[in-house]
Amino acid sequence: MHGWFSYLVPALLLLAVLSPVPAVYSESPKCTVVLSPANFSVKTIGNAPSGGVVCLLPGTYVVSGDINVFGKSLTIQGLGSGPGDVRLVIRGSIKLAPAENDTVVVRGIAVEAAGTGPAIQVRSGGKGNVYDIGGVVLENLVVSATQAIATSIQAGPHVRLRYFELRGSIITA
């Protein structure tokens, strides 16, 4: 028994050293675009490159239309110490429709739907009977809707997501 045990311990130690370490949320993201409440534009987010990271500096962002993320991978990241530091008051919706092999991540912000629609919509970007779209990750968010008929998160009809993850978030309606 002692013979094989002497090989097992070094092998386990080697595996532990070579195993990837998961990314920690508190790490600073590599921002492709940095926006503040003073220079915020929904068009800037829509035009951000696929695979990019749109970083929002702390403050309150008042948005009168929709924020559209269609057909690409994108991360929208609040740079505050918590989701309450970056507050998005939207009279439209954050509409997420990643392409089938893409992922959209929204992280570290407070989203308040100030209109009658949902704060966040997961939807399709195309036409047809059934829509296969990529993944959506909502992480460390506070999402709320102020109108009685509004919902906080809504998935469009006939949408098939590759995956949907909701991590460490508070959702109210």
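Start at 1 with the first residue, then count along the sequence.
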* Below 4.5 Å, heavy atoms only, C-beta onward: do I120 and L141 meet side chain to side chain? -> yes

* Asked: Do L138 and F164 come within less than 4.5 Å of each other through their side chains, counting heavy atoms only?
  -> yes

* **Gap between atom CD1 of I67 and atom OH of Y61 - 0.5 Å precision** => 10.5 Å

* Asked: Going only through I, L, V, M, F, W and Y residues with side-chain contacts under 4.5 Å, is there a path from V53 to L79?
  -> no

* Is there a path from V142 to I171 through hydrophobic residues (I, L, V, M, F, W, Y) whose side chains come within less than 4.5 Å of each other? -> no

* Same cluster for V137 and F70 if Ile/Leu/Val/Met/Phe/Trp/Tyr side chains link at under 4.5 Å? -> no

* Asked: Would V54 and T44 satisfy side-chain contact (heavy atoms from CB on, under 4.5 Å), going step by step from the backbone distance to the final call?
  -> CA-CA 9 Å; V54 176; T44 302; 6.0 Å; no

* Structure fact -> Here the pair of heavy atoms bringing P58 nearest to G80 is CG-CA, 4.0 Å

* To the nearest 0.5 Å, tell me how far I76 CD1 sits from L35 CG. => 9.5 Å

* Whether D102 side chain and P98 backbone form a donor-acceptor pair below 3.5 Å -> no

* **ILVMFWY network linking L88 to L57, side-chain heavy atoms under 4.5 angstrom** => yes

* Nearest heavy-atom neighbours spanning N101 and R162 -> CA-NH1, 3.1 Å

* Between G117 and S93, what is the shortest heavy-atom contact and its length? -> C-OG, 4.4 Å

* Structure fact -> Rounded to the nearest 0.5 Å, the CG atom of N140 sits from the CD1 atom of I109 at a distance of 11.0 Å

* **For L166 against S169, the heavy-atom pair lying closest together** => CD1-CB, 3.7 Å

* In Å, rounded to the nearest 0.5 Å, how long is the span from NZ of K72 to OG1 of T103? -> 14.0 Å

* What is the minimum heavy-atom distance between V122 and V136, and which atoms define it? -> CG1-CG2, 4.1 Å

* Asked: So, for V143 and A119, which heavy atoms are closest and what is the spacing to 0.1 Å?
  -> CG1-CB, 3.6 Å

* Min side-chain heavy-atom separation I45-V69 under 4.5 Å -> yes

* To do: State the CG-CD distance between L96 and Q121, to the nearest 0.5 angstrom.
  => 9.0 Å

* Indicate, with yes or no, if L161 and V105 share a hydrophobic cluster defined by side-chain heavy-atom contacts under 4.5 Å among Ile, Leu, Val, Met, Phe, Trp and Tyr. => no

* Can you tell me how far CD of E139 sits from CD of Q77, rounded to the nearest 0.5 angstrom? -> 8.0 Å

